[in-house]
Amino acid sequence: MTRLKGLDLLALGFMTFALFLGAGNIIFPPSAGLAAGQSLWSAALGFLLTGVGLPLLTVVALARVGGGMDRLTAPLGRGAGTLLAVAVYLAIGPLFATPRTAVVSFEMGIAPFSGNTAIPLFAYTVLFFSATLFLAVNPGQLVNRVGKFITPVLLAALLVLGGAAVLAPAGDVGVTAESYRNSPLLKGFLEGYLTMDTLGALVFGIVIATAIRDRGVSDPALVTRYSVVAGAIAALGLSLVYLALFYLGATSQGIAAEAQNGVQILTTYVQHTFGTPGSLLLAVVITLACLTTAVGLTTACGEFFSSLMPVSYRTVVVVFTLFSLLVANQGLTQLISVSVPVLVGLYPLAIMLVALSLLDGCWVSPRRIFVPVMAVTLVFGVVDGLAAAGFNDLVPVLFTQLPLAAQSMGWLVPVLATLAIAFVMDRLLGQRRLAS
């Protein structure tokens, strides 16, 4: 029976860390830290719950069922489960998230030197997706190529940036913005949604499991154990990165008080601390972070759609890479404006899918729980998506009056109420069956 050695397991953890660490993971913590100010640690804790805790739970849930999202959605039935999986894979893959990795890395790392115009963007995205295709075309080599070579370079750059943020802050911790004064923990919790790593974890689970099996590990128990260990290593790395970037933002009010987003905060800080070499360092960090995420997303989509349709993995990867190249050249503003409502609508579904899967031992019949709870979650996901898209006139007034509706969590109470009712009915019907 093949077992992974310590260094191989560490490389697997590094690969998992690199898959999750995209541009969003680097640009959102500084902006949250800047706004949190004196409430830095409460906000950071909330951010870690959704930015690290939920993705780790998702990896655990996928590892328990064998690494594929189709296993998680099995209680919904084949049709509904497949539709949900297709929606998640397309949203986190070629439609939105994968093209965004290229555009964001261009605007943060390359545009300051080349100018933000169509020709440099096209040239950069061609190179970016060529590298993505090269790394993704043979998923069995991901641990070697990403875990052992790319990730150490990325970690070294992050250590320099994070170390500077802690040891050479731009100033003192600033004041707390109005949005963080009342409930910084909840605000940080909601800001953690922006990383979209729970959706990413749903598609990365199969990549991690495949990488383990390609190393010769066939025992399902070992695949599960190694997946959880890899997820834990990635969670630790992400936590350290987030805390350092939160502190960077909180201590940068003196130089970046007017910054509108994390990109501006980071570029201002590195220019202030390192000058032009700092801008080059940031370009390396962002490019490598986005490249590894794009590789992971493309690989996951290739694994999923090649098993769903009569086409080869290589064909899916090539087609999706070319499609991502075309979408990326539409520009970041248009891409984000279309993607955010879709991702906001999918996030509650992903959270409940993972939660119900982890609690599967509590259900007599998982289908009696999954179907009503996910149906109600879908309704509120659509409503949240409409609101995020600016179609507030289409949202019924009742939905705006629910608890936590103002914080985009109006779905929570109705879904928990549905879960409670479904649980009682599941128990009653289960007891009747045993009695009969």
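As a basis for the values below, the full set of heavy atoms in this structure was taken, side chains included, without hydrogen atoms, waters or symmetry mates.
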> Among all residues two or more places apart in sequence or in another chain, which pass the side-chain hydrogen bond (donor to acceptor under 3.5 Å, both in side chains) test with Arg367?
none
> Please list, chain by chain and in numerical order, all residues satisfying ring pair (Phe, Tyr, Trp, His ring centres under 6.0 Å) with Tyr226, sequence neighbours excluded.
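Not a single residue meets the ring pair (Phe, Tyr, Trp, His ring centres under 6.0 Å) criterion with Tyr226.
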> Can you name the residues that form a side chain to side chain contact (heavy atoms under 4.5 Å, CB included) with Thr287, not counting sequence neighbours?
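For Thr287 the side chain to side chain contact (heavy atoms under 4.5 Å, CB included) partners, ignoring immediate neighbours, are Tyr124.
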> Which residues pass the side chain to side chain contact (heavy atoms under 4.5 Å, CB included) test with Leu40, sequence neighbours left out?
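So Leu40 forms a side chain to side chain contact (heavy atoms under 4.5 Å, CB included) with Phe246, Tyr247, Ala250.
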> Apply side-chain hydrogen bond (donor to acceptor under 3.5 Å, both in side chains) to Glu258 and list each qualifying residue two or more places apart in sequence or on a separate chain.
none
> Test of understanding: with side chain to side chain contact (heavy atoms under 4.5 Å, CB included), list the residues that count as partners of Ala283, not counting sequence neighbours.
none
> I'd like to check the side chain to side chain contact (heavy atoms under 4.5 Å, CB included) partners of Ala201; sequence neighbours left out, ordered by chain and number.
Phe20, Pro55, Thr58, Val59
> Checking Gln271 now: which residues fulfil side-chain hydrogen bond (donor to acceptor under 3.5 Å, both in side chains) with it, not counting sequence neighbours?
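side-chain hydrogen bond (donor to acceptor under 3.5 Å, both in side chains) list for Gln271, sorted by chain: Ser279.
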> For Phe304, enumerate each residue passing the ring pair (Phe, Tyr, Trp, His ring centres under 6.0 Å) test, keeping only those at least two apart in sequence or located in another chain.
Tyr89
> Only counting residues at least two apart or in another chain, list the ones meeting ring pair (Phe, Tyr, Trp, His ring centres under 6.0 Å) with Phe189.
none
> Who pairs with Tyr347 by side-chain hydrogen bond (donor to acceptor under 3.5 Å, both in side chains), at least two apart in sequence or on another chain?
Thr198
> Among pairs that include at least one residue of residues 45-54, which meet side chain to side chain donor-acceptor pair (under 3.5 Å), considering only residues two or more places apart or in two chains?
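For residues 45-54: none.
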